[in-house]
Trainee: 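Supplied in structure tokens, the structure appears directly below.
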Amino acid sequence: MLSPGMFRDAIRKLSLRKKLAILASVGVFLPVLLLTYLQYQSLTELQNKTKGAFKDNLRQGLTIVENQMKQRLEDIANQTLNPIGSLNLSSAEELEKYFANVKRSHSEVEEIFVYPSRGDQSDVLSAFNRARLAQSFVDRNRKYLFVPNTRQGAYLFYPLPDEKSGFAGLSLSERFINDDLVAGTITKILDRHHADPALPPLAFTISDENNHVLYSNAAAQNGYLFESNFDRPFSNWKAGVGLKNTNIDELARSSFLHSAGATILVLVVLLGGIALTIRATDREARLAQAKSNFVSNVSHELKTPLSLLSLFSEILELGRVNSEEKKTEYYRILRHESLRLNKIIDNILDFSKIEAGRKTYDFADADMAEVIEKVLASYRYQFVNAGFDIQTNIQPDLPPVSIDREAMSQAISNLLDNAIKYSRDVKQLSITTQTRGPDLSIEIADRGIGIPRAEQAKVFEKFYRVGNGLVHDVKGSGLGLSLVQHIIEAHQGTVSLESDVGKGSRFTILLPLARKRADT
Ligand code: ADP
């Protein structure tokens, strides 16, 4: 069994990257997975509810149609029948005048009359009585009765306020009922519905009790989703509503896919954000680790030249060296080590200037061949001492380049230092300088230990060292290459690396021969 202590130990031994991966999977991916599953379930449920909600919407639409038709009839009755109550019903002349007026101003009215003043009106009377029995009112005040589609046409009745005096009525034209009352109302509502591109086009049909179609705008693709009789007074009319070019399942599926797509998008953004956060945290942690290594690396790097300086100066001071030749050599070592110390400190100071954004460059046209020769000359003693075979291949008559001499010497010097530091048995170094298209190229190649492919991009990062003891145990600050890159980029150039472990490394600097003026 794994005890808590062993578990804690095992966790402590893991690399930060592994810890972050475990944290991300336990703390983030599992909840996200669970959330996705729950979301999927609720979307499936929603898919079913969508169907129900859609039908409810249709039902509501139908009620709106019905109310508007009622309102239309009520308006007509208010304008035509209502005033009859206040007319002198015994004056046939007054009535006739009024009726003629109504017919003139209301083309939908075919006939208007008052019962019992009209002649043979048994059919009208029975229609009125039926409507009264069926309570077919069009208005909320229950003033007007409507009788649709009788053989004689549709009627609107108005029981006169004085019950005994009978009722007034009018017949409406079939054209008005079909084209205006039914088609006009539905078209208006459908137009409003179809104006929203998110809503599916509807197929709407209204038929009477004999299945005679009063209105239809299109055939429903997969039958009617919803069929229902209107309420009174249109109860012998039946409405059927379906979808024009889709069906309800497709509709629900497309709404499901819509929501699922949005969920997936949110998930991708979330996971992307988490991945970026983990990457940034990992980077910060590596940087913090590198900084702490830097302090111990630099201390070691400074210690070596300092102990050599102290050792050789002491030997010379004690006068133990007799031969002039030896003395010269010791002086050379002292000079060399103090130069090395100087270089290390220069690198650190330059790095801190770059970090603070205070590093400036002083550009002037220069002969690159001369700059390289000068740097190489300062290394001659070291090369001879370490037994290096140096090949220089510098193209004659190189065009001048605009550079900061000191910074460029420092960059080349850092690359040479590395070539010396990271070479073992095969001590060969070559420097090739030539024009390459619009650029001047400087290649510094060694046959040293090489850099693993996975580390090649990282070696240019500040503080980064291929620190695995198996690769090398050479001291360094991890700042050399990051300075090289900064210097070359300040010259609008590039520095690249090709390397094979065990075979060597080649750093190539490309400097544009014609630099843009604005940046000089
Ligand atoms: P350092 O002070 O460690 O040399 P650099 O920034 O100059 O810092 O180099 C970063 C790392 O790149 C080194 O630690 C080393 O592992 C690797 N490196 C640089 N130059 C070479 C080379 N010529 N051959 C092999 N490895 C190299």
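Each ligand, and each atom within it, is numbered from 1 in the order the structure gives.
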Trainee: With heavy atoms only and a cut-off of under 4.0 Å, state how Leu479 meets ligand 1: side chain, backbone, both or neither.
Mentor: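 The backbone, only.
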
Trainee: Using the salt bridge (Lys or Arg N to Asp or Glu O under 4.0 Å) rule, take Glu301 and Arg340 through it: C-alpha gap first, then chi angles, then the decisive distance, then the call.
Mentor: CA-CA 10 Å; Glu301 224 194 347; Arg340 195 168 132 199; 5.9 Å; no

Trainee: Quick check against the 3.5 Å criterion: does Asp446 have a side-chain atom that pairs as donor or acceptor with the backbone of Gly448?
Mentor: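 Judged by distance alone, yes, a pair lies under 3.5 Å.
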
Trainee: Taking the side chain from Asp404 and the backbone from Asp362, do they hold a donor-acceptor pair closer than 3.5 Å?
Mentor: yes

Trainee: Would you mind listing every ring pair (Phe, Tyr, Trp, His ring centres under 6.0 Å) that reaches into residues 258-284, with sequence neighbours excluded?
Mentor: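 Sorted result for residues 258-284: empty, none.
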
Trainee: Output the list of atoms in ligand 1 that are nearer than 4.0 Å to some heavy atom of Lys421, sorted by atom number.
Mentor: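 Contacts of ligand 1 toward Lys421, numbered from 1: 1 (P), 2 (O), 4 (O).
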
Trainee: Pick whichever of Phe507, Phe294, Tyr422 has a heavy atom sitting closest to atom 24 (N) of ligand 1.
Mentor: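 That would be Tyr422.
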
Trainee: Does the salt bridge (Lys or Arg N to Asp or Glu O under 4.0 Å) test come out yes or no for Arg332 and Glu329, once each step is laid out?
Mentor: CA-CA 5 Å; Arg332 201 180 282 140; Glu329 189 189 342; over 6 Å; no

Trainee: Quick check: does any side chain N or O of Glu443 sit under 3.5 Å from a backbone N or O of Phe507, one acting as donor and the other as acceptor?
Mentor: no

Trainee: For atom 10 (C) of ligand 1, which of the options Tyr464, Phe463, Phe460 provides the nearest non-hydrogen atom?
Mentor: Tyr464

Trainee: Can you tell which part of Glu455 has a heavy atom less than 4.0 Å from ligand 1: side chain, backbone, both or neither?
Mentor: neither

Trainee: Looking only at N/O atoms, are Arg465 and ligand 1 under 3.5 Å apart anywhere?
Mentor: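 By distance alone, the answer is yes.
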
Trainee: List every atom of ligand 1 that sits less than 4.0 Å from any heavy atom of Asp446, numbering the atoms from 1 in the order shown and giving each element.
Mentor: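 Going through ligand 1 atom by atom, the ones under 4.0 Å from Asp446 are 22 (C), 23 (N).
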
Trainee: Return yes if some donor-acceptor pair links the side-chain N/O of Arg405 with the main-chain N/O of Asp365 below 3.5 Å, else return no.
Mentor: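 Between the backbone of Asp365 and the side chain of Arg405 there is no qualifying donor-acceptor contact (under 3.5 Å).
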
Trainee: Quick check: does Gly480 get an N/O under 3.5 Å from an N/O on ligand 1?
Mentor: yes

Trainee: Is the backbone of Leu202 close enough, under 3.5 Å, to the side chain of Asn217 for a donor and an acceptor to pair up by distance?
Mentor: yes

Trainee: Examine Ile449 against ligand 1 and note whether any of their N/O atoms are separated by less than 3.5 Å.
Mentor: no

Trainee: Would you check the N or O atoms of Gly478, main chain and side chain alike, for any that come under 3.5 Å of an N or O of ligand 1?
Mentor: yes

Trainee: Please state which part of Ile451 comes within less than 4.0 Å of ligand 1, counting heavy atoms only: side chain, backbone, both or neither.
Mentor: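 Only the side chain of Ile451 comes within reach of ligand 1.
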
Trainee: Please confirm whether Gly448 approaches ligand 1 to less than 4.0 Å, judged on its heavy atoms.
Mentor: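 Flag not set, Gly448 not near ligand 1.
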
